[in-house]
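Here the structure is a predicted model, which is why all the values come from computation and not from measurement.
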Amino acid sequence: MKLIYGKQDWKTFERGEENCYLMTNGLGGFSSLTAIGSCGRNDHAVLMACVKSPNHRYNMIHRLEEILIFSPESGHGNNGNHVCGEKGFGNPQPGTRLHISSQDYKPQEAHGPREEEAPADTGEAAAEFGQREEGYLYQTEFSYENYPVWNYLTKGVEIRKTIVLMQGGNGVGISYELRNGSGHEVELDVRPHLQFVPKGASLEKGQQFTVEGKSIISQGKRLYCETNGHFQELPPVYHENLYYAYDACDGRKETGRTLVNHQITFRVASGETGVLEMVYGMTPKLPTLEELLEDISARRENLARQAGFEDGAARLLSVSAGQFISYRASTAKQTILAGFPFFEDWGRDTMIAINGCCLATRQYETAKSILQTFRTYCKKGLMPNLFPEGEEEPGYNTVDAALLFILAVYEYYRRTKDSVFVVSMYDTMAEIIDWYSKGTDYGIKMDADGLIMAGRDYDQVTWMDVRVGDILPTPRHGKPVEINAYWYNALCIMEEFGRFCPEKAKDYSVLAAKVKESFGQFWNEEKGCLKDVLSGTKADDQIRCNQIWAVSLPFSVLSPEREKQVVDVVFQKLYTPYGLRTLDPEDDEFKPRYGGEQLERDLAYHQGTVWVFPLGGYYLAYLKVQGYSEEAKKQVKRQLEGLEAALREGCVGQLPEIYDGENPVSSRGCFAQAWSVGEILRVYDVLREE
């Protein structure tokens, strides 16, 4: 599905930064800029390389500054003249220089005088240096299918820009097709703005850069370049106060610094068409631009073909799901990155996302690789929430990842009937049940009634895990509702899997029956739904989205009548077309908006904020209580049409992490979230079943 945007989508600079693209390289690296080609975040980059997969990432090429110059005489090039404030409409004047790039800068007067001004030999007027670049005024189109494409038109010159990320390596290809009908020779100067710093870090002025031939070296890293343009070294110049509107609104660092030390120049005579090609990468032998374009197109087409969805949105999401799959160097296997641009690979997120991102898309070998990775790190019945990096130990502060692991193995078997794989996983799954029964770390243990208790002190071990100093905005210590639904399902699955390992099998049915009976304690007769937690506090009776998984899971822990009541209450209180609210708006702790400084954001994170991924659980639960009738499927398809609009907002072709709780109109948090995409894909997977 090709998504196309026009000038109405960037009526202002601010509107132009509302949307961005994402390409990932399967190593943890990525490329992401806004629809107008600017950096609206510190973490935006033309090339965010990953030197050790998947989390050791470096912002190598932050952005591209692009200047179009109209020569005074054909063949004589630029004379250094500058028409300050010249707009790109009407007939060009000789020497006119236009930025076709876009980038916002914080006004200089807010920070005092600049330490450095543009050197005279760069041809830039000091008055313009550091001001907002407004190339979006000349931009006519932005589109994204397999890679992003920008079109520009100014003074008779049409420019088509393409960026493509190398797959399985740290490199990026950039091309500019210029069709020159201006009556003058034109020159395009492309100046990469460099950082060579770890993702999220700031470029310091003392950082040294050197140019050797067509390669740039800094911080022990070398970036090679191949181009058919003229590579020209420039005196190094720092560009200050790049402004990141989407960091500023969240209380993150709102300005950045880059360095320019070279440019690539390309000239096209009047009446001619020419194509400038540039490939940057961290290995000496670089592929051609054509090879990069063919590779990414073939990979995405293969993902779509293997997933086999006919619905256009589902097909797009099946390809988008592949963006989260990454190689992990420490295990030499595959993993799932939780979200871009902020998150890494986490156990809980992976075990939720794997069902949609891998199984619903029929990426079965990838799913096996991921599950084998986690089995290796199982410890005291727990799966790692954070993987080890370097000499660090894994973090195991999650109660749900291990239970979700058993559910993922079951979903894998349900689709593949691969009993050999189940046998290979059986000991690990049995170990999880044993440790949860007798008790393990973080207060995780089975109570006398068969239900699982979790959390203690300041340990937050469910997905509502925010802690702000001594503040626990969503304290769920006790017996969380979804954890015990997972627990019951894990017991039922182990009972079913016992036939594959009769010599090791235990009778899990008795405990499962006890859990099902005890689960009745969660029923809130007054509200006609499930309590969120059994803790003896007011948190018990808060209406939250966690109860939906007690209905959507394969083994029912509730009666059909109560399942339907839960679905009805969740729809009435928590449902929005873009996700489920995490708290009933009528609750006095409800936070209507997510944003501001980190403390403000954290206090709202699970207190009403809309999350996309539970919406998958809601639709699966609704279909279940309606008996998967054709009418129910039609209803869900109609509702999913509203979600298709979200694929055009925020990150193109992706689903975000969250939205505001009161009025979910703009995406927040990570602009691309693995479990958001995965859980909606699970719904599409069920809808295509006969």
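Checked against a 6.0 Å centroid threshold, the rings of Tyr426 and Phe500 do not count as neighbours. Residues Phe555 and Tyr488 keep their aromatic ring centres 6.0 Å or farther apart. Residues Tyr224 and Tyr280 place their aromatic rings such that the two centres sit no closer than 6.0 Å. Checked against the 6.0 Å centroid threshold, Tyr5 and Tyr21 do not count as a close aromatic pair.
With contacts defined as side-chain heavy-atom distances shorter than 4.5 Å, the pair Ile325/Cys358 qualifies. At a threshold of 4.5 Å between non-hydrogen side-chain atoms, the residues His62 and Cys39 count as touching. Side-chain atoms of Cys20 and His44, non-hydrogen and from C-beta on, do get closer than 4.5 Å to each other. Considering only heavy atoms from C-beta on, Val409 comes within 4.5 Å of Leu371 through its side chain. Looking at Glu17 and Ile36, their side chains come closer than 4.5 Å, going by heavy atoms from C-beta outward. Using a 4.5 Å heavy-atom threshold, the side chains of Leu382 and Asn397 count as separate.
Checked by atom type and distance alone, the side chain of Gln167 pairs as donor or acceptor with a backbone atom of Thr24 at under 3.5 Å. Of the possible polar contacts, one joining the Asn170 side chain to the Cys50 backbone as a donor-acceptor pair under 3.5 Å is found. Distance alone, capped at 3.5 Å, is enough to place a donor-acceptor pair between the Gln654 side chain and the Ser320 backbone. A side-chain donor-acceptor contact under 3.5 Å links Thr582 to the backbone of Thr609. For the pair Thr227 (side chain) and Glu277 (backbone), a donor-acceptor distance under 3.5 Å is present. Here the side chain of Ser53 pairs a donor or acceptor atom with the backbone of Leu27 at under 3.5 angstrom. No donor-acceptor pair closer than 3.5 Å links the side chain of Thr335 to the backbone N or O of Arg328. The backbone N or O of Leu553 sits less than 3.5 Å from a side-chain atom of Lys624, completing a donor-acceptor pair. Asn25 places a side-chain N or O within donor-acceptor distance of the main-chain N or O of Gly169, the cut-off being under 3.5 Å. Judged by distance alone, with hydrogens and angles left aside, the side-chain atoms of Asn19 form a donor-acceptor pair with the main-chain N or O of Gly650 at under 3.5 Å.
Across Glu563 and Leu558, no two heavy atoms sit closer than the pair CG-CB, 3.7 Å. The minimum heavy-atom distance linking Pro192 with Ile61 is given by the pair CB-CG2, 4.1 Å. Minimum interatomic distance between Cys670 and Phe342 (heavy atoms only, all atoms of both residues): SG-CD1, 3.6 Å. Heavy-atom minimum distance, Leu3 versus Leu647: CD1-O, 3.6 Å. Contact record, Ser143 with Ile4: CB-CG1, 4.2 Å, taken as the closest heavy-atom pair. For the pair Ile680 and Gly616, the tightest heavy-atom approach, listed with the atom from each and the gap, is CD1-N, 4.1 Å.
Taking CD of Glu482 as the reference point, atom CG of Asn546 lies at 4.0 Å (rounded to 0.5 Å). Here the CD-CD distance, from Glu301 to Glu145, works out to 9.0 Å after rounding to the nearest 0.5 Å. To the nearest 0.5 angstrom, Ser175 atom OG is 5.0 Å from Leu289 atom CG. Going from atom CD of Gln635 over to atom CD of Gln626 covers 9.0 Å, rounded to the nearest 0.5 Å. Annotation: the span from Ile336 atom CD1 to Asp345 atom CG amounts to 9.5 Å, rounded to 0.5 Å. Atom CG of residue Leu337 and atom CZ of residue Phe30 lie 10.0 Å apart, to the nearest 0.5 angstrom.
Counting heavy-atom neighbours within 6.0 Å of Lys379 NZ, excluding the residue itself, gives a total of 12 or less. Within 6.0 Å of atom CZ in Arg375, more than 12 heavy atoms from other residues, nucleotides or ligands are found, so the atom counts as buried in its surroundings. No more than 12 heavy atoms of other residues, nucleotides or ligands sit less than 6.0 Å from atom CD of Glu290.
Between Tyr684 and Phe309, the ring-plane angle classifies as perpendicular under the 30° and 60° cut-offs. Taking the six-membered ring where tryptophan is involved, the planes of Trp487 and Tyr436 are essentially parallel, since the angle between them stays under 30° and well short of 60°.
Within the structure, every pair that satisfies the salt bridge (charged side-chain N to carboxylate O under 4.0 Å, His left out) test and touches residues 664-683, not counting sequence neighbours, is listed here: Asp660-Arg668, Glu679-Arg682. Sequence neighbours left out, the pairs with a member in residues 357-369 that pass side-chain hydrogen bond (donor to acceptor under 3.5 Å, both in side chains) are Gln306-Gln363. Among pairs with a residue in residues 612-640, those fulfilling ring pair (Phe, Tyr, Trp, His ring centres under 6.0 Å) read Trp463-Phe613, Trp549-Phe613, Tyr575-Tyr618, Phe613-Trp675, at least two apart in sequence or across chains.
Here Glu649 pairs with nothing under the salt bridge (Lys or Arg N to Asp or Glu O under 4.0 Å) rule; sequence neighbours left out. Partners of Pro656 by side chain to side chain contact (heavy atoms under 4.5 Å, CB included), not counting sequence neighbours, listed by chain and number: Val612, Tyr659, Ser667. Listed by chain and residue number, nothing satisfies the salt bridge (Lys or Arg N to Asp or Glu O under 4.0 Å) test with Asp9 (two or more places apart in sequence, or in another chain).
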*How far apart are the C-alpha atoms of Leu623 and Ser629, what are their side-chain angles, what is the distance that settles it, and do they pass the side-chain contact (heavy atoms from CB on, under 4.5 Å) test?*
CA-CA 7 Å; Leu623 290 167; Ser629 68; over 6 Å; no
*asked:* Using salt bridge (charged side-chain N to carboxylate O under 4.0 Å, His left out), reason through Asp311 and Arg315 one step at a time and then give a plain yes or no.
replied: CA-CA 6 Å; Asp311 181 276; Arg315 184 179 173 89; over 6 Å; no
*asked:* Let's go through Ser32 and Met48 carefully: what are the C-alpha distance in whole Å and the side-chain angles of both, what is the deciding distance for side-chain contact (heavy atoms from CB on, under 4.5 Å) to 0.1 Å, and is it a yes or a no?
replied: CA-CA 8 Å; Ser32 182; Met48 184 75 75; over 6 Å; no
*When you look at Leu47 and Leu223, which way does the side-chain contact (heavy atoms from CB on, under 4.5 Å) test go after all the steps?*
CA-CA 11 Å; Leu47 176 60; Leu223 191 65; 3.9 Å; yes
_Using salt bridge (charged side-chain N to carboxylate O under 4.0 Å, His left out), reason through Lys637 and Glu641 one step at a time and then give a plain yes or no._
CA-CA 6 Å; Lys637 288 178 181 178; Glu641 287 177 356; over 6 Å; no
*Using the ring-ring contact (aromatic ring centres under 6.0 Å, His included) rule, take Trp611 and Tyr578 through it: C-alpha gap first, then chi angles, then the decisive distance, then the call.*
CA-CA 8 Å; Trp611 287 70; Tyr578 286 173; over 10 Å; no
*Can you check side-chain contact (heavy atoms from CB on, under 4.5 Å) on Arg160 and Tyr176, steps first, answer last?*
CA-CA 6 Å; Arg160 177 182 174 88; Tyr176 300 84; over 6 Å; no
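Figure legend: Lys417 and Tyr413 shown as a cation-pi pair, the cationic atom lying under 6.0 angstrom from the six-membered ring centre and within 45 degrees of its axis.
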